[in-house]
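In this text the structure is predicted, and so the values were computed from the model without any measurement.
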Amino acid sequence: MTQASPPSNSGAPQRFPVVVVGAGPAGLTVGNILRAASVDCLVLETETREFIEQRPRAGVIEEWAVRGLEKRGLARNLLDRAELHTACEFRFGGERYRFPYGELTGSHHFVYPQPLLVTDLVREYADVRGGQIRFGVKDVRVHGVDTGRPSVSYTCPETGEPRVVPCDFVAGCDGARGVSRASLPPGRVRVARHDYGIGWLALLAEAPPSSDCVLFGCHAKGFAGQMPRSPEVTRYYLQCPPGDDPENWPHERVWAELRERLGASGVPPLTEGRLIEKRVLDMHDYVVEPMVFGRLFLAGDAAHLVAPIAAKGMNLALHDAFLLGDALVAHLTGGDDSGLGGYAQACLRRVWDYQEFSQWLSEVYHGTAAGDPFRAGTTLARLRRLFTSPAAAAAFAEQYLGTAARY
């Protein structure tokens with residue numbers, strides 16, 4: 001049980017105002033915000049530094065999120081190195097349709113792979129701002145968050161000895177399977193979940209992108225997507241049955257399906273390359289409520305998951321981190337509790353907005369492959385509307401860029 005009494009330290013324990021569990025984008029951003037305000041904190045991570053700096057993850061960051069990082073001094077490398085995307089392209093009915101959302105809104109996306117952002121955030125937190133972080137810890141447990149004396153315990157990887165860290169607050173940023181979410185009492189937690197009933201075969205190819213923008217193939221055989229990651233590496237997705245075995249998708253089959261589903265009149269052939277990653281993602285969303293229990297504040301995937309359909313996950317994690325980091329600083333340095341009191345409500349407004357858009361976009365991506373002529377017809381109507389109605393195009397662009405959720 002994660003709420004059991006903590007083990008005792010052999011010596012006097014070091015106390016921190018905040019313990020952050022998890023060194024992903026959310027946890028590291030919270031840690032950096034605290035250190036910038038000279039608030040001591042400890043970040044605990046079960047993986048090694050090398051692992052989290054190389055783990056392949058999302059790469060699309062919305063402009064408002066980048067400006068939030070920039071405001072906090074966390075975007076120098078990103079602004080120097082990220083690619084800017086101002087358009088995407090839909091392919092359906094054998095034709096290509098470019099959607100220039102930059103022209104419609106004046107905003108754009110940044111493409112900066114999450115491992116690079118995590119590397120930047122770790123370096124800033126630990127090497128520049130002097131924040132304490134412990135990698136490779138085991139047996140992390142959260143204790144007493146419903147009291148005024150919470151703590152976090154873990155096993156030291158070097159000595160194998162238990163350690164207990166008293167604190168004032170715990171920031172639970174350790175993802176869907178982490179201990180923070182599991183620390184919430186079962187009878188006090190509601191998990192709202194939605195399963196799409198489809199899978200995506202997620203692929204990384206050692207090949208340059210075959211287009212200068214993101215591609216969405218809406219095909220009767222299933223969705224296909226291209227998401228550029230770097231000049232040398234490209235992320236591809238292929239709709240597949242949920243729970244499918246990646247071994248069912250050898251090199252030749254993958255590229256044949258990508259060519260067919262992303263094919264359109266007048267487009268150059270895909271640039272093929274070695275597949276360096278193949279895994280199947282079952283498409284689902286969830287939202288955990290409450291996001292706050294006593295002195296424990298959840299952020300990122302510990303609190304909510306949005307399927308990669310709309311590329312919103314890392315952006316939501318950063319939104320949580322900005323709000324939580326700022327609220328903790330306001331409380332710890334000035335006694336202002338308003339941010340902590342309104343944290344969950346402010347987060348969930350954007351979370352539910354993004355969940356709704358993900359559901360809408362899923363029908364656009366997958367409706368033509370549903371085997372239902374009615375769904376296929378309404379899906380094509382939605383797609384055509386994007387390119388014939390300025391109002392529909394503007395609404396889609398705002399949601400796609402995250403500028404509609406002004407919270």
Exercise. Give the intermediate values and the outcome of side-chain contact (heavy atoms from CB on, under 4.5 Å) for residues Asp195 and Met283.
Key: CA-CA 6 Å; Asp195 289 287; Met283 295 291 103; over 6 Å; no

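- A side-chain donor-acceptor contact under 3.5 Å links Asp244 and Trp249.
- Glu70 places a side-chain heavy atom less than 4.5 Å from the side chain of Leu79.
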Self-check item: Residue pair Thr234, Gln226: steps toward the side-chain contact (heavy atoms from CB on, under 4.5 Å) verdict
Solution: CA-CA 7 Å; Thr234 304; Gln226 176 206 263; 3.5 Å; yes

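- Between the CD1 atom of Ile33 and the SG atom of Cys41 there is a distance of 10.5 Å, given to the nearest 0.5 Å.
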Self-check item: Chi angles and distances behind the side-chain contact (heavy atoms from CB on, under 4.5 Å) call for Val39, Leu328
Solution: CA-CA 9 Å; Val39 175; Leu328 287 168; over 6 Å; no

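- Side-chain contact between Leu203 and Ile276 is absent, with no heavy atoms from C-beta onward closer than 4.5 Å.
- When all heavy atoms of Leu262 and Gly217 are compared, the pair lying nearest together is CD2-N, 3.7 Å.
- Between the side chain of Asp40 and the main chain of Phe16, no donor-acceptor pair closer than 3.5 Å is present.
- Side-chain atoms of His304 and Trp352 form no donor-acceptor pair, as typed in the model, at a separation below 3.5 Å.
- Remark: side-chain polar atoms of Tyr343 are paired, donor with acceptor, to backbone N or O of Leu298 under 3.5 angstrom.
- A donor-acceptor contact shorter than 3.5 Å is absent between the side chain of Lys312 and the backbone of Leu305.
- Taking both residues in full, the closest heavy atoms of Ala299 and Leu324 are given as CB-CD2, 4.4 Å, listed atom of the first, atom of the second, then distance.
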Quiz item: Would Arg350 and Asp353 count as a salt bridge (Lys or Arg N to Asp or Glu O under 4.0 Å) if you check the C-alpha gap in whole Å, the side-chain angles of each, and the deciding distance to 0.1 Å?
Solution: CA-CA 5 Å; Arg350 185 177 287 267; Asp353 187 88; over 6 Å; no

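- The side-chain contact (heavy atoms from CB on, under 4.5 Å) check on Ser38 picks up nothing, with sequence neighbours excluded.
- With a 4.5 Å cut-off on side-chain heavy atoms, Asp285 and Tyr196 count as touching.
- Contact annotation: the side chain of Glu95 never approaches that of Arg91 to less than 4.5 Å [non-hydrogen atoms, C-beta and beyond].
- At least one donor-acceptor pair closer than 3.5 Å links the side chain of Asn32 to the backbone N or O of Leu121.
- Looking only at distances, a side-chain donor or acceptor of Gln239 sits under 3.5 Å from a matching main-chain atom of Phe223.
- Inter-residue side-chain proximity for Thr29 and Asp320 is flagged as unmet; no heavy-atom pair is nearer than 4.5 Å.
- Residues Gln132 and Gln14 meet the side-chain proximity criterion, which asks for heavy atoms closer than 4.5 Å.
- The heavy-atom pair separating Leu270 from Ser210 by the smallest distance is CA-OG, 3.3 Å.
- Ion pairing between a basic and an acidic side chain is recognised when a charged N comes within 4.0 Å of a carboxylate O; Arg76 and Asp120 show no such pairing.
- Between the Thr271 side chain and the Ala207 main chain, no donor and acceptor come within less than 3.5 Å of each other.
- Aromatic pair Phe92/Tyr97: ring centres closer than 6.0 Å.
- For the side-chain contact (heavy atoms from CB on, under 4.5 Å) test, residues two or more places apart in sequence or in another chain that qualify with Arg375 are Glu363, Ala370, Asp372.
- Side-chain N/O atoms of Ser230 and Tyr112 include no donor and acceptor closer than 3.5 Å.
- In this structure, Tyr237 and Trp200 have tilted ring planes: the angle between them lies in the 30° to 60° band.
- Counting only residues at least two apart or in different chains, salt bridge (Lys or Arg N to Asp or Glu O under 4.0 Å) contacts with residues 19-31 are absent.
- Each of His109, His108, His85 was checked for a side-chain hydrogen bond (donor to acceptor under 3.5 Å, both in side chains) with Tyr101, and the lone residue meeting it is His109.
- Interatomic distance, CD of Glu356 versus CG of Leu361, reported as 10.5 Å (0.5 Å rounding).
- Across all their heavy atoms, Val329 and Ala37 have their closest contact at CG1-CB, 3.6 Å.
- Side-chain contact between Ile52 and Glu45 is present, with at least one heavy-atom pair separated by less than 4.5 Å.
- At most 12 non-hydrogen atoms from other residues, nucleotides or ligands lie less than 6.0 angstrom from CZ of Arg177.
- Atom OG1 in Thr403 sits 4.5 Å away from atom CD in Glu398 (nearest 0.5 Å).
- Of the possible donor and acceptor atoms, one in the side chain of Thr368 sits under 3.5 Å from a partner among the backbone N and O of His219.
- Pairing each heavy atom of Glu62 with each of Tyr400, the nearest pair is OE2-O, 3.6 Å.
- Put simply, OH on Tyr365 and OG1 on Thr379 are 13.0 Å apart, with the number rounded to the nearest 0.5 Å.
- Around the CZ atom of Arg259, the shell of radius 6.0 Å holds more than 12 heavy atoms that belong to other residues, nucleotides or ligands.
- Asp336 places no side-chain N or O within donor-acceptor distance of the main-chain N or O of Ala330, the cut-off being under 3.5 Å.
- Between Leu401 and Ser107, the shortest heavy-atom distance links the atoms CD1-CB, 3.9 Å.
- Sorted by first and then second residue, the ring pair (Phe, Tyr, Trp, His ring centres under 6.0 Å) pairs involving residues 42-79 (not counting sequence neighbours) are Trp64-His319.
- Under a cutoff of 6.0 Å and an axis angle of 45°, Arg72 and Phe322 form a cation-pi pair.
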Practice problem: Kindly indicate, with the supporting measurements, whether the criterion side-chain contact (heavy atoms from CB on, under 4.5 Å) is fulfilled by Asn77 and Leu116. | Solution: CA-CA 9 Å; Asn77 286 344; Leu116 296 182; over 6 Å; no

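- When atom types are taken as modelled, the side chain of Ser362 and the backbone of Ser358 share no donor-acceptor pair closer than 3.5 angstrom.
- Atom-to-atom distance recorded for Leu348:CG and Gln355:CD is 10.0 Å, nearest 0.5 angstrom.
- Residues forming a salt bridge (Lys or Arg N to Asp or Glu O under 4.0 Å) with Arg279 (at least two apart in sequence, or on another chain): Glu277.
- Looking at heavy atoms from C-beta onward, His194 lies in side-chain contact with Gln359 at the 4.5 angstrom threshold.
- Aromatic ring pairs are classed by plane angle as parallel below 30°, tilted from 30° to 60° and perpendicular above 60°; the pair Phe396 and Trp360 is tilted.
- Put simply, the side chain of Arg35 gets close to the backbone of Arg129: a donor and an acceptor are under 3.5 Å apart.
- In this structure, Arg261 fails the cation-pi test against Tyr236, since its NZ or CZ atom is not both closer than 6.0 Å to the six-membered ring centre and inside 45 degrees of the ring normal.
- Rounding to the nearest 0.5 angstrom, the gap separating the CG atom in Leu117 from the CE atom in Met314 is 6.0 Å.
- Listed by first and then second residue, the salt bridge (Lys or Arg N to Asp or Glu O under 4.0 Å) pairs that reach into residues 292-301 come to none, sequence neighbours excluded.
- In this model, no donor atom of one side chain and acceptor atom of the other lie less than 3.5 Å apart for Tyr354 and Asn315.
- Counted by atom type alone, Arg134 and Tyr154 present one or more donor-acceptor pairs between their side chains at under 3.5 Å.
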